[in-house]
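What follows is one structure encoded as structure tokens, with my remarks underneath.
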Amino acid sequence: MTASIGVWALGDSTGESVLYRWEADQQTGFVTFEVATRRIRPADDSGQPIGDLTYDPAVGEPSGTADGVNRRLFNQVVVAILRAYRRSGAAPTTAHAYYY
């Protein structure tokens, strides 16, 4: 069985912070990606942070909590965005991931 995560930038992906919408496992959510620091946080559809859950690459793992956020899916979205960022050197417009 294959699984996938779809990740799309909403709006301008050249700004300091980019809002992404993701879909996976019949769930949807949003994260913000701070391009300069590469920090990623769960967010609502307007880009406001949910809780204090943050992935900080300086630490190398998520820390904090966010009510209602699936931590496993959050981690997979983080990996998808950072892989696409490493390939292009800029905030990606899409960052889909496929698991087999």
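Given the structure is predicted, the values throughout are model-derived calculations rather than measurements. Start at 1 with the first residue, then count along the sequence.
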Is it the case that over 12 heavy atoms from other parts of the model lie below 6.0 angstrom from the CG atom of D67?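 Atom CG in D67 is not crowded, with 12 or fewer foreign heavy atoms closer than 6.0 Å.
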
Within a radius of less than 6.0 Å around CD of E16, do more than 12 heavy atoms belonging to other residues, nucleotides or ligands occur?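 No, the 6.0 Å shell around CD holds no more than 12 heavy atoms from other groups.
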
Nearest heavy atoms of [X] and [Y], plus distance in Å:
| X | Y | value |
| --- | --- | --- |
| N70 | L73 | OD1-N, 3.0 Å |
| Y85 | A91 | CD1-N, 3.9 Å |
| S13 | P92 | CB-O, 4.1 Å |
| I50 | A66 | O-CB, 3.2 Å |

From I5 atom CD1 to Q27 atom CD, the distance as rounded to the nearest 0.5 Å: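 Rounded to the nearest 0.5 Å, the CD1-CD separation comes to 10.5 Å.
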
Identified side-chain contact (heavy atoms from CB on, under 4.5 Å) counterpart of I40 within the set V77, V79, L82: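 Of V77, V79, L82, side-chain contact (heavy atoms from CB on, under 4.5 Å) with I40 is met by L82 alone.
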
For a side-chain contact (heavy atoms from CB on, under 4.5 Å) check, start with the C-alpha distance between V7 and T94, then their side-chain angles and the critical distance, and finish with the verdict. CA-CA 5 Å; V7 182; T94 62; over 6 Å; no

T93 vs W8 side-chain heavy atoms within contact, under 4.5 Å: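 SC-SC contact between T93 and W8 ruled out.
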
Flag, side chain of D52 to backbone of G64, donor-acceptor distance under 3.5 Å: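 No; judged by distance alone, with no hydrogens or angles, the pair does not exist.
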
Check which hydrophobic residues are tied to L10 through side-chain heavy-atom contacts below 4.5 Å, counting indirect links as well, and list them.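 The other cluster members (ILVMFWY side chains, heavy atoms under 4.5 Å, direct or chained) are L19, F30.
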
Evaluate side-chain contact (heavy atoms from CB on, under 4.5 Å) for T28 paired with R21, printing each intermediate quantity in order. CA-CA 7 Å; T28 61; R21 180 177 186 271; 3.7 Å; yes

Partner of D56 under salt bridge (Lys or Arg N to Asp or Glu O under 4.0 Å), chosen from R38, R41, R39: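 The single option meeting the salt bridge (Lys or Arg N to Asp or Glu O under 4.0 Å) with D56 is R39.
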
Could you label the plane-to-plane angle of the F33 and Y20 rings as parallel, tilted or perpendicular, counting under 30° as parallel and over 60° as perpendicular?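 Geometry flag for Y20 against F33: tilted rings.
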
For side-chain contact (heavy atoms from CB on, under 4.5 Å), just list the numbers for V35 and V18, CA-CA rounded to whole Å, side-chain angles, deciding distance to a tenth of an Å, and then say yes or no. CA-CA 7 Å; V35 179; V18 181; 4.0 Å; yes

For residues 71-84, which residue pairs pass the side-chain hydrogen bond (donor to acceptor under 3.5 Å, both in side chains) check, not counting sequence neighbours?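 Every side-chain hydrogen bond (donor to acceptor under 3.5 Å, both in side chains) pair that includes a residue of residues 71-84, provided the two are not neighbours, is D25-R72, R72-Q76.
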
